[in-house]
Amino acid sequence: MPAMNMIQALNHALDVMLARDPDVLIFGEDTGYFGGVFRVTDGLQAKHGLKRCFDAPISEGGIIATAIGMGAYGLRPVAEIQFADYILPAFDQLVSEAARLRYRSAGEFWAPITVRSPYGGGIFGGQTHSQSPEAIFAHITGLKTVIPSNPYDAKGLLIAAIEDDDPVVFLEPKRLYNGPFDGRHDQALKTWAGDPRAEVPEEHYTVPLGKAAIEREGADATVLAYGTMVHVAAAGIAESGVDAELIDLRSIVPLDIETIVASVRKTGRCVILHEASRFGGFGGELAALVQERCFYHLKSPIERVAGWDTPYPHAFEWDYFPGPARLAKALARCMER
Amino acid sequence: MPAMNMIQALNHALDVMLARDPDVLIFGEDTGYFGGVFRVTDGLQAKHGLKRCFDAPISEGGIIATAIGMGAYGLRPVAEIQFADYILPAFDQLVSEAARLRYRSAGEFWAPITVRSPYGGGIFGGQTHSQSPEAIFAHITGLKTVIPSNPYDAKGLLIAAIEDDDPVVFLEPKRLYNGPFDGRHDQALKTWAGDPRAEVPEEHYTVPLGKAAIEREGADATVLAYGTMVHVAAAGIAESGVDAELIDLRSIVPLDIETIVASVRKTGRCVILHEASRFGGFGGELAALVQERCFYHLKSPIERVAGWDTPYPHAFEWDYFPGPARLAKALARCMER
Amino acid sequence: MRDLPFGLVRVLDEAGQAVGPWNPRLEADTLREGLRAMLLTRAFDERLFRSHRQGKTSFYMKSTGEEAIGVAQSMMLGREDMCFPTYRVMGWLHARGYPLIDMVNQIFSNANDPLKGRQLPILFSARDYGFYTLSGNVGSRFGHAVGWAMASAYRGDDKIALAYIGEGTTAEGDFHEALTFAAVYRAPAVLCVTNNQWAISSYSGIAGGEETTFAAKAIAYGLPGLRVDGNDFLAVWAATEWAAERARSNLGTTLIELFTYRASGHSTSDDPTKYRPADEAAHWPLGDPVERLKGHMIALGEWDEARHAALIETLDTQVREAVKTGEAVGTLGKSKPSVAEMFEGVFKEPDWRVVEQRRELGI
Amino acid sequence: MRDLPFGLVRVLDEAGQAVGPWNPRLEADTLREGLRAMLLTRAFDERLFRSHRQGKTSFYMKSTGEEAIGVAQSMMLGREDMCFPTYRVMGWLHARGYPLIDMVNQIFSNANDPLKGRQLPILFSARDYGFYTLSGNVGSRFGHAVGWAMASAYRGDDKIALAYIGEGTTAEGDFHEALTFAAVYRAPAVLCVTNNQWAISSYSGIAGGEETTFAAKAIAYGLPGLRVDGNDFLAVWAATEWAAERARSNLGTTLIELFTYRASGHSTSDDPTKYRPADEAAHWPLGDPVERLKGHMIALGEWDEARHAALIETLDTQVREAVKTGEAVGTLGKSKPSVAEMFEGVFKEPDWRVVEQRRELGI
Ligand SMILES: Cc1ncc(C[n+]2csc(CCOP(=O)(O)OP(=O)(O)O)c2C)c(N)n1
Ligand SMILES: Cc1ncc(C[n+]2csc(CCOP(=O)(O)OP(=O)(O)O)c2C)c(N)n1
Ligand SMILES: [Mg+2]
Ligand SMILES: [Mg+2]
């Protein structure tokens, strides 16, 4: 099985789907000839032709509107939004249209579209190349939101998203494209080479939407994370010395509530970790659900470790970014109580 | 003191501010000659002139962009978005621009704008005239979100919002425009007449942003609500027979965390009520905060009573709408545990 | 081509004659069918508007004065083509024989509502009739038409898309984005601005209509723009035929401004006397489209007053019967689809949230 | 006026002579000042680009080939006017004497960064220099210029707004919305499309540039549209003067397409050889704007090679000194403003969330 970084795994997923399903096509800003600013669509136009993979005008609303129309016709478009920060001009299309087509038309029309977008921080991208907008999608009825944390999942989840008949926002943690990153920014860069999660089969396979992965088993606390934060969490758990169970949610809608609840009932403690700013973030929903369903098992308050309630601040990336030390502290606090 | 319904109180606030501050101006779709589809700007153009209150093209993004530019110049524009469902085309302007101007420019520019918009259900408006989008604003750093529940607060909060130097999303519960509504849709319509909260002073006054109101004192549980749900909560509490404290948040950003925490520490139980669909809604943030800060005082899980996780369904308005009976049940459940 | 957007395509002259190069030379049967569908649209509007006043529905919107548009374009285009409508082209469905009773049930939100009670009245969806799902948001489907048309071209099909947008709504970014994509990808689409001179209370100048024509916006994209008398059934037909032909020959998109007039209020929530002269409608600048087509047919010797009166009578009876049947099923609040329908169709397969919530509601 | 958008306003001919009706007849000192600012822009770009390669900053973007635009417009407009920039008109600041050291500190995100470490390099804000706050999102400030201009008119001031948008970004809804408001409210604004033929890897055709000119988009709004040689300092000046005059006389907005060429890569993250011929830049279709102005001044007898070389030397020294001073303060990651700045300015007054979080971080 070849080792792939996340960019290669995603590229592979697209390649497989283009070859397999003539209804799949790919477009976005710079995704055609150039192959995307992060190279995820590299080589696909050359291999599959201009009709299957092409460039779009700089118009995120137009890109999603076009994709919805294609989806309504019967195609399975995969649109790339260059940075998740730039999904916002298309937010109305996603919410008022893509997410609502099936419901309001009583099943006459639907939007089997996938919207891929690099998200998250850790690359010194500043305010508008670093944000994590997952919470505003999670609240939208009719929209699925998927976030892989490694190459194997990235390929399998992306194929599942494309094959899904509902609109999927597929957020790619850009800090993980070239290697796992545990938040220790002062250490040497790691690549995916040698990581078992980077062994990616050549062929078609799926990782089902809505199934979390238990990344590490543990007895004393549960850590909920997704995307880059899965790696940060692993480092933070190690640093804390707490025997914590680490759950990689993989998709936040649909959410694997069973795995979460079973774990917290077992451990009695829960820490939620995400990059997005804390207030109103997806951690709130997770905390609410956990305390609703595990109240009598909880030994200490559910903690949220997250970005501060400020815009993403360029020079203060590592002050803002919720790294392993902050998670370790939260775990320690849980254990003390 | 004259009795005013909420439309009159809001109209009055605008009138007072137009008279008082030459930098205030008002625009939106149909807000000029016609006076707005809900009549909130009625008569203002005739009284203050075409330059102070006028019509805008059907372009929510353009309206907010224009308001931001005016705000950067030094004016205090008040923009109306005809229905909160239609703020979405302007979401990027609110998030990427209005909310971030001050921070990113290190204080050189800011957007002292107020965006008024009728929101919420209960008027058989169907999917796109009934939604409650507050959660997606609450998550945005740099944006304030205010929701009055009665005419007195409406006027005082709107004046405070206009005078505030930060961008404020001001959501007006449209079901309360003409009278209080407790969710009992099968009963005779009530008007604001005779309600002490409808006694609205003629003159300028403010209700500060970030201060909740204790609508009812109680010992055994705390109910958190805002907008229309304050009235529904009062009815639900009465129906339940539980001695619950009812807190009207009035603004969700800034949030009056002190009042909330003091109450839940006192009562030991908490139910959160909102119209928006539950998953990812603002109730999640409230639940997370409450359990973080009141964990050892909580006698039962925090409950959330909210819209179901479906789009707003026209014919099923009263099945979807979280009415007093559902709150009463939640309170009863809390008390049993 | 740069001058087309500043003219006005007309066929019917003041005397009711079809004149000029745009005359589509339609068969008399086609004219009669068009007149029937326009009159049906009007009869239906009148009666259902009254149903609203009687509390039988939550909402209604009329197409009065604009019936030629939806009807002519519906008849002209093929069954496989798709229209991306606004709420003001119900004539499209009437021309294609969409069952009146289905419409009535949707408007009454009753147990037989084909949209299962999920959507506001008249925001139809009728895939088999080439009618894309409507929504309350104006403008946001304009770009879907372009994507749909691109998909048709991609598959090598010869279906085309036709989309409508109100002149007021051309101010939305959606309009510009749709036209940009249409031009860049040469989408086989016909994009129409229905300029009825009003957007609720705002006259067309608030959308830029005093600065230039709406058809002239085509020039910004290097597309042909036609400005057409939207109250002239024959002109609408001819312009649509021209644009459809272009689209089907892979020559790309045409923008058509259909100049018309909103003779009624915006919706049941509106009182137009608050913002425009009460008698403005009486001076319809382009005349009543129904009267104009009727006059033409009479001039041709293919129609007469007696047949006209009889047709109106027949159509009104059809509408009344449909309304009666719908009322028997139930009107707003008196009948509705199973509450389970509230929870269906959020996703293709329900997830645990709606499953649990359905259980919580005991259904 | 409908033909203007299809021509090309030029002043400098092949021989370096200023010819034709648009010649702004500038003083020699003005030309020298323009040349200086353009050369400074270029020198600054070269050196700071190198700083990025050395890891001293996270990001940089050059204006190479487009210097005439920001510089001429900055010099032409008044100190009270406001420019709503893109990242590619840094010449605006250089022409107004914005301190190089402030720029360098911002680019190095160091302790003296005037934007307090909160913003990506070169996304400046410089109110006192008539330079509105930039952001990573393209297009979203275009409409702010219109609102700002409307506010000026509302107050009875005679300040005008000038905004830029890249040709690629004209596809965004923001572009259309800004122009619609500008036309409807007759905003005293000058709206400019910098058509440098590329949007990262996409040629201008992807934004519709093969179908018509970008200036022609003005016709959609009934506005005058000028298409101008953006590498011709004099033509840019003259067109801006004309448009500014219109704006100040309450005649409303002008759309100007500035036809130019992005001679360098998109940014430090970009490798243009991946998508365009490596030698394309060598064949700049309109010539290097610096060389063209220099040639003109030499032809006028107001400049010579020796002075040119000396000026370049002086400017490079200035830049080097500023960079050295900035480096002494610190470069990316080696120095930054107080971490407290991360929590300031979210709102005018901090709320409890940032107060608590600051405490949690112990600062
Ligand atoms: C995005 C959005 N903004 C605002 C509205 C409110 N609204 C409904 S209809 C309408 C007027 C539309 O006018 P026009 O486009 O001219 O169409 P017409 O009604 O005249 O056919 C407005 C502003 C809406 N439905 N959607
Ligand atoms: C809203 C948004 N979408 C996408 C991007 C990514 N992006 C940055 S620059 C750029 C190209 C812009 O091209 P153009 O408008 O021609 O300006 P130029 O760089 O040529 O000056 C793109 C797509 C962005 N910054 N903002
Ligand atoms: Mg209209
Ligand atoms: Mg460009």
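Reminder, nothing fancy here: chain letters follow the sequence lines and each chain counts from 1.
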Portion of C:Leu332 that has a non-hydrogen atom of chain B nearer than 4.5 angstrom:
side chain
Side chain, backbone, both or neither: which part of C:Val339 has a heavy atom under 4.5 Å from chain B?
both
Salt bridge (Lys or Arg N to Asp or Glu O under 4.0 Å) partners of B:Glu134, counting only residues at least two apart:
none
Which residues share a side chain to side chain contact (heavy atoms under 4.5 Å, CB included) with B:Pro77, sequence neighbours left out
B:Leu25, B:Phe27, B:Ala67, B:Met70, B:Leu75, B:Ile113
Checking B:Ala221 now: which residues fulfil side chain to side chain contact (heavy atoms under 4.5 Å, CB included) with it, not counting sequence neighbours?
B:Val242, B:Ala244, B:Arg269, B:Leu331
Max heavy-atom pairs within cutoff under 4.5 Å with chain C, candidates B:Gly32, B:Gly126, B:Pro311, B:Gly125, goes to B:Gly125
Donor and acceptor N/O pairs, chain B versus chain C, under 3.5 angstrom:
residue	atom	partner	partner atom	Å
B:Asp30	OD1	C:Ser201	N	2.9
B:Asp30	OD1	C:Ser201	OG	2.6
B:Ile58	O	C:Glu172	N	3.2
B:Ser59	OG	C:Ala171	O	3.4
B:Tyr86	OH	C:Gly136	O	3.3
B:Gln127	NE2	C:Arg118	O	3.1
B:Asp309	N	C:Gln357	OE1	2.8
B:Asp309	OD2	C:Gln357	NE2	2.7
B:His314	N	C:Gly117	O	3.4
B:His314	ND1	C:Ser109	OG	3.2
B:His314	NE2	C:Ser58	OG	2.8
B:Ala315	N	C:Gly117	O	2.8
B:Asp319	OD2	C:Lys336	NZ	2.7

Can you measure from CD1 (B:Ile58) to CD1 (C:Ile206) and round to the nearest 0.5 angstrom?
10.0 Å
